[in-house]
Asks: 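Take this structure, written in structure tokens, and hold onto it; I'll ask about it next.
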Amino acid sequence: MDHTMHTQRPTGAALTRLAVSATLHCLTGCAIGEVLGMVIGTALGWSDVQTIALAVALAFVFGYSFTIGPVMRSGLSLRAAIPVALAADTISITVMEIVDNAIMLAVPGAMEAGLDSWLFWGALAVALAVAFVVTVPVNRWLIGRGKGHAVVHAYHGGRRGEEHGEGASAGAPSEPHGGRAHH
């Protein structure tokens with residue numbers, strides 16, 4: 001069985017497209033968690049630290065869950081899918097959260113603005129957009145080295161299980177990378 005497509009790493013424009021796609025995936029989970037955390041913290045009148053802590057925690061929860069679900073559909077158990085999600089998304093989510101929360105703190109009055117304020121929503125939109133732009137090259141660098149979101153691609157669309165004649169069985173391999181080194 002030919003595994004060459006998994007040992008060759010993308011380069012150039014293909015690598016950039018993959019990085020953009022991975023970052024959009026990350027942004028989706030991060031944005032849901034970030035917005036939800038900011039809305040809850042702001043609505044409850046929490047301090048900046050409490051609101052950001054909730055937003056970051058929810059960004060990680062949603063970010064990881066957006067990876068765990070599809071990886072489990074490829075046939076991995078939850079126990080095997082969690083390390084894949086951690087390897088795929090931790091750096092990306094961390095960079096995105098540092099950037100977007102730093103911007104929210106840097107925009108005067110954004111954290112104190114109410115939910116009906118254009119300042120709050122405008123600052124949050126700009127913060128997420130800048131976080132995306134900053135995170136794309138990080139993901140590009142990671143994927144180019146077989147790290148970050150690259151570890152998930154062996155499992156997308158159920159391909160990993162099909163490669164090994166496993167289909168979508170619940171039998172997860174003990175090695176989440178299917179024995180291929182991603183270093």
Side-chain angles (χ1 to χ4, degrees), residues 5-38 48-49 51-74 76-106 123-157 159-160 172-183:
M5 74 178 220
H6 294 290
T7 58
Q8 294 177 348
R9 294 190 182 134
T11 58
L15 177 57
T16 301
R17 282 191 300 275
L18 189 55
V20 167
S21 175
T23 307
L24 284 171
H25 175 268
C26 179
L27 179 66
T28 303
C30 286
I32 291 170
E34 186 72 23
V35 170
L36 189 58
M38 289 288 176
D48 292 353
V49 171
T51 300
I52 288 173
L54 178 61
V56 169
L58 290 174
F60 274 93
V61 167
F62 280 95
Y64 288 142
S65 69
F66 278 26
T67 297
I68 290 171
V71 169
M72 287 180 65
R73 283 192 293 278
S74 77
L76 266 69
S77 67
L78 177 60
R79 185 179 180 143
I82 288 172
V84 172
L86 293 173
D89 294 334
T90 299
I91 293 173
S92 183
I93 294 170
T94 300
V95 169
M96 199 164 282
E97 287 304 299
I98 289 169
V99 172
D100 72 51
N101 285 295
I103 291 170
M104 286 299 291
L105 289 170
L124 188 53
V126 167
L128 290 168
V130 171
F132 172 81
V133 169
V134 170
T135 307
V136 168
V138 172
N139 280 331
R140 188 180 192 282
W141 184 84
L142 289 167
I143 293 166
R145 282 148 186 79
K147 306 247 185 232
H149 203 76
V151 301
V152 172
H153 289 280
Y155 304 100
H156 277 195
R159 288 181 290 159
R160 198 255 163 241
S174 58
E175 166 61 42
H177 305 296
R180 288 181 301 278
H182 287 282
H183 301 281

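Since this is a predicted model, take the numbers as computed values, not measurements.
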Asks: Show your working on side chain to side chain contact (heavy atoms under 4.5 Å, CB included) between D100 and F132 and close with a plain yes or no.
Replies: CA-CA 9 Å; D100 72 51; F132 172 81; over 6 Å; no
Asks: Write down the atom of G37, the atom of T51, and the distance for their closest heavy-atom approach.
Replies: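 Nearest heavy atoms, G37 then T51: O-CG2, 3.8 Å.
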Asks: Which pair of non-hydrogen atoms, one from V99 and one from A131, has the smallest distance, and what is that distance?
Replies: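 Heavy-atom minimum between the residues: CG1-CA, 3.6 Å.
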Asks: Assign the ring pair F66 / F62 to parallel, tilted or perpendicular, where the plane angle (0 to 90°) is split at 30° and 60°.
Replies: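 Perpendicular, since the angle between the ring planes exceeds 60°.
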Asks: Quick one: does R140's side chain have a donor or acceptor within less than 3.5 Å of a partner on G12's backbone?
Replies: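 Yes: the side chain of R140 pairs with the backbone of G12.
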Asks: What distance do N101 atom CG and L128 atom CG have between them, rounded to the nearest 0.5 Å?
Replies: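 Taking CG in N101 and CG in L128, the distance rounds to 9.0 Å.
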Asks: What are the two closest non-hydrogen atoms of T135 and S92, and how far apart are they?
Replies: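 Taking every non-hydrogen atom into account, CG2-OG, 3.4 Å.
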Asks: Hey, mind stepping through T23 and M96 against side chain to side chain contact (heavy atoms under 4.5 Å, CB included) and telling me if it holds?
Replies: CA-CA 9 Å; T23 307; M96 199 164 282; 3.7 Å; yes
Asks: Does I91 CD1 have over 12 foreign heavy atoms under 6.0 Å away?
Replies: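 Open: at most 12 neighbouring heavy atoms sit under 6.0 Å from CD1 of I91.
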Asks: Are I52 and M38 close enough, and set up right, to give a side chain to side chain contact (heavy atoms under 4.5 Å, CB included), and what steps lead you there?
Replies: CA-CA 7 Å; I52 288 173; M38 289 288 176; 4.1 Å; yes
Asks: Using atom types as modelled and distance alone, determine if a side-chain donor or acceptor of S74 lies under 3.5 Å from a backbone N or O of V71.
Replies: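 Yes: the side chain of S74 pairs with the backbone of V71.
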Asks: Any sub-3.5 Å donor-acceptor pair from S21's side-chain atoms to L18's backbone N or O?
Replies: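 Flag not set: sc S21 to bb L18 has no pair under 3.5 Å.
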Asks: Shortest non-hydrogen contact from V20 to V136?
Replies: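 Heavy-atom minimum between the residues: CG2-CG1, 4.0 Å.
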Asks: Can you list the steps and then say if D48 with M104 is a side chain to side chain contact (heavy atoms under 4.5 Å, CB included)?
Replies: CA-CA 10 Å; D48 292 353; M104 286 299 291; over 6 Å; no
Asks: Which heavy atom of D89 sits nearest a heavy atom of G63, and at what distance?
Replies: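 Looking at all heavy atoms of both residues, the closest pair is OD2-O, 3.5 Å.
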Asks: Over all heavy atoms of both residues, which pair between T90 and L86 is shortest? Give the atoms and the distance, please.
Replies: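 Taking T90 first and L86 second, the nearest heavy atoms are OG1-O, 2.6 Å.
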Asks: If you round to the nearest 0.5 Å, how far is OG1 of T11 from CD1 of I143?
Replies: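 Atom-to-atom, I143:CD1 and T11:OG1 are 13.0 Å apart.
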